[in-house]
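Working notes, structure below.
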Amino acid sequence: MRSAASILHLDLDAFFAAVEQRDKPSLRGKPVVVGGVGPRGVVSTASYEARVFGVHSAMPTHEARRLCPNAAFLAGRFRAYRASSAIVMGLLHELSPLVEPLSLDEAFVDLAAGPTTDFSPDAVRALADGLRARVHERTGGLTASVGIGSSKFIAKVASELAKPDGVRVVEPGTEADTIADLPARAIPGVGPATMERLARLGVRTVADIRGLSHGELVRELGRASGEWVHALAFARDERPVVAEREAKSISVEDTFETDITDRAELDAVIDRDARIVAERLARSGLFARTVTLKAKRPDFTILSRSLTLNGATDRPEVIIRVARGLLDGVPIETGFRLLGVGVANFTEAAQEELFEPDAAGAVVQSVTGTEIPDTANPTPTRDADPTIRPRWRPGFLPGVDVHHDEHGAGWVWGSGLGRVTVRFETADTVPGPVRTFSTDDPALHLTEA
DNA sequence: TCTGGGGTCCTAGGACCC
DNA sequence: TCTGGGGTCCTAGGACCC
């Protein structure tokens, strides 16, 4: 926590709905609900006119329709939202180079990293008013709420208190008092489950948390969460504003209008999602080592299966093959309401860390790496497939190349120069046994799937 | 007519290595 | 021969956020 109120949090009011009302004058002053419009959709944003009826974010759309049948229900126009968001983020960058977007409609700004020198309450209030006026003008009428405080937590609480269309500055020294009477739920990271546990300890407000010992909280909530909640209850928050955070995962998922049981249909969903994931990977110039399959059962329980490859990939056929393999190990009789494919564990191509020593201590090629000399085993027995991009040579692709011998069939798990790891498929389990072959082992029979 | 999609972080157990 | 601790990686699930 700083001594000056130098962290700003901006939150656009009912953002998606406000953009719709701005662009369609007939919707102004009327309830607007943006979100999933299908039978299993949920509300993303409700305009303030719709909130009067009890409609709010994350509510099932069918319930919103029941509460407010006269509202306009819209699926959302993300291109328009991104455009307005970019204008606002640009305005924030005029205040400081250190801007941390949290979503399209929200960001932190570290004013101390910019030209601002006067952090007196009056000065930062004037700064926030100027910012809000520019947002309104440059976006064609959108309103924003702005909070300023000595930490991220306090700035965010302040913008919440300022809503809608207002400013709130929490003066240094008044932080603990400001949050004392808020529900414990106001602490980020305290959701329904944590709130339930805290309630059992008699906690309702932030101040109530202060009555518990550090040890009690850690015992009840676990190490990380306990310490976090304890610190924030006393308004202790040292998190820096971080401008650019690198993505750690990419995923695509679909909720179906009716549950799907059919394997072929599930495979088709995997294919579609995996191709989108691969496209986004390639566009980011990233390669992923871990593929995850996610499924939601009719009873809403979520199941996930993941597999980490020896090498990284951005190829759709690899992601598809791995994801389908993961589905093999999952009972599908009850059907799923959602299926999704994700990737994680990113590397960038042709970087040194992609080369790893093999069992013998020699350096071998990772599947995304560039070939490097291996004097111990200089000759891969198979030429590079010309359809495979150069970085893949000598080109045994995890999940694509298939091995077949008298012990059964399997697919390539990973490959380095001079070795190929094969995972055998078994009748009822994934993963099956794994075996590593030398590339000149006559028992190794590889074909492309 | 039941409850999205895109993420992040944490926990816990097992494998494996030193 | 037995015991054992620490560290890292992987996997599965859960909580949470916008």
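Quick note: numbers below take in every heavy atom, side chains included, and nothing from hydrogens, waters or symmetry partners. Every chain is numbered from 1 and lettered A, B, ... according to where its sequence line falls, protein lines coming before strand lines. Note that this is a predicted model, so its numbers are computed, not measured.
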Discussion item. With a 3.5 Å limit on both atom pairs, tell me what dC18(B) is paired to, counting Watson-Crick and G-U wobble, or say none.
Written reply: dG5(C)

Item to complete: Please figure out whether R245(A) or D299(A) has its closest DNA chain B nucleotide nearer the 5' end.
Response: D299(A)

Worksheet item: Would one find more than 12 heavy atoms of other residues, nucleotides or ligands at under 6.0 Å from atom CZ of R245(A)?
Response: no

Response to the item:
Atom CD of E196(A) and atom C1' of dG14(C) are separated, to the nearest Å, by 16 Å

Worksheet entry | Donor-acceptor pair between R22(A) and T139(A) side chains, under 3.5 angstrom | no

Worksheet item: To the nearest Å, how far apart are W228(A) CH2 and dA15(C) C1'?
Response: 15 Å

Worksheet item: At under 4.0 Å between heavy atoms, what does L104(A) touch on the DNA or RNA strands: base, sugar-phosphate, or nothing?
Response: nothing

Fill in: Sugar-phosphate only, base, or nothing, as touched by K156(A) at under 4.0 Å among non-hydrogen atoms
sugar-phosphate

Worksheet item: What nucleotide, of dG4(B), dA12(C), dT1(B), holds the atom closest to the side chain of F300(A)?
Response: dG4(B)

Discussion item. Distance check needed: dT11(B) P versus R223(A) CZ, whole Å only.
Written reply: 9 Å

Discussion item. Please pick, from dT11(C), dT11(B), dT1(B), the nucleotide with the shortest atom-to-atom distance to any side-chain atom of L307(A).
Written reply: dT11(C)

Discussion item. Applying a 4.0 Å non-hydrogen cut-off, can you work out what G189(A) is touching in the nucleic acid: base, sugar-phosphate, or nothing?
Written reply: sugar-phosphate

Discussion item. Does R289(A) reach a base, just sugar-phosphate, or nothing at all? Heavy atoms under 4.0 Å.
Written reply: sugar-phosphate

Worksheet item: Of the nucleotides dT11(C), dG7(B), dC16(C), which one has an atom closest to the side chain of T194(A)?
Response: dC16(C)

Worksheet item: Of the nucleotides dG4(B), dT1(B), dT11(C), which has the atom closest to the A58(A) side chain?
Response: dG4(B)

Discussion item. At less than 4.0 Å, is any side-chain N or O atom of K296(A) found next to OP1 or OP2 of dG4(B)? Yes or no.
Written reply: yes

Worksheet item: Hey, does R305(A) reach any base, or is it just sugar-phosphate, or nothing, if we go heavy atoms under 4.0 Å?
Response: sugar-phosphate

Discussion item. Does a side-chain N or O of R40(A) approach OP1 or OP2 of dG4(B) to a distance below 4.0 Å, or not?
Written reply: no

Worksheet, complete the sentence: Applying the 3.5 Å cut-off to both distances, the Watson-Crick or G-U partner of dA12(B) turns out to be dT11(C)

Worksheet item: Where the side chain of A224(A) is defined as all heavy atoms beyond and including C-beta, which of dT3(B), dA15(C), dC10(B) is the nearest nucleotide?
Response: dC10(B)

Worksheet item: Could you give the NE2-to-C1' distance, from H56(A) to dT3(B), as a whole number of Å?
Response: 11 Å

Worksheet, complete the sentence: Of R337(A) and E253(A), the one whose closest nucleotide on DNA chain B sits nearer the 5' end is R337(A)

Practice prompt. Applying side chain to side chain contact (heavy atoms under 4.5 Å, CB included), run through F336(A) and V269(A) and close with a yes or a no.
Written response: CA-CA 12 Å; F336(A) 296 117; V269(A) 174; over 6 Å; no

Response to the item:
Among the nucleotides dT8(B), dG4(B), dT11(C), whichever has the atom closest to the side chain of S249(A) is dT8(B)

Worksheet item: Checking side chain to side chain contact (heavy atoms under 4.5 Å, CB included) against V109(A), which of S96(A), P97(A), S6(A) comes through?
Response: S96(A)

Practice prompt. Taking only the side-chain nitrogens and oxygens of K248(A), find out if one of them lies under 4.0 Å from OP1 or OP2 of dG7(B).
Written response: no

Fill in: Selected nucleotide, minimal atom distance to R185(A) side chain, candidates dC17(C), dG5(B), dG7(B)
dC17(C)

Worksheet item: Checking side chain to side chain contact (heavy atoms under 4.5 Å, CB included) for the pair R280(A)/V343(A): CA distance, chi angles, key distance, verdict?
Response: CA-CA 10 Å; R280(A) 290 172 53 190; V343(A) 293; over 6 Å; no

Discussion item. Output the rounded distance in Å from CD (E220(A)) to P (dC10(B)).
Written reply: 19 Å

Worksheet item: Is it true that R40(A) and D259(A) make a salt bridge, defined as a side-chain N closer than 4.0 Å to a carboxylate O?
Response: yes

Worksheet item: At their closest point, which heavy atom of E20(A) faces which heavy atom of L27(A), and how far apart are they?
Response: O-CD1, 3.9 Å

Discussion item. Students often get this wrong, so: under 4.0 angstrom with heavy atoms, is V190(A) touching a base, only sugar-phosphate, or nothing?
Written reply: sugar-phosphate

Discussion item. For a quick test of reading the model: is some side-chain N or O of T308(A) closer than 4.0 Å to OP1 or OP2 of dT11(C)?
Written reply: yes

Worksheet item: Using the C1' atom in both, what is the distance from dC16(C) to dG4(B), to the nearest Å?
Response: 15 Å

Discussion item. Distance check needed: dC10(C) C1' versus N310(A) CG, whole Å only.
Written reply: 12 Å

Worksheet item: Are OP1 or OP2 of dA12(C) and a side-chain N or O of S306(A) less than 4.0 angstrom apart?
Response: yes

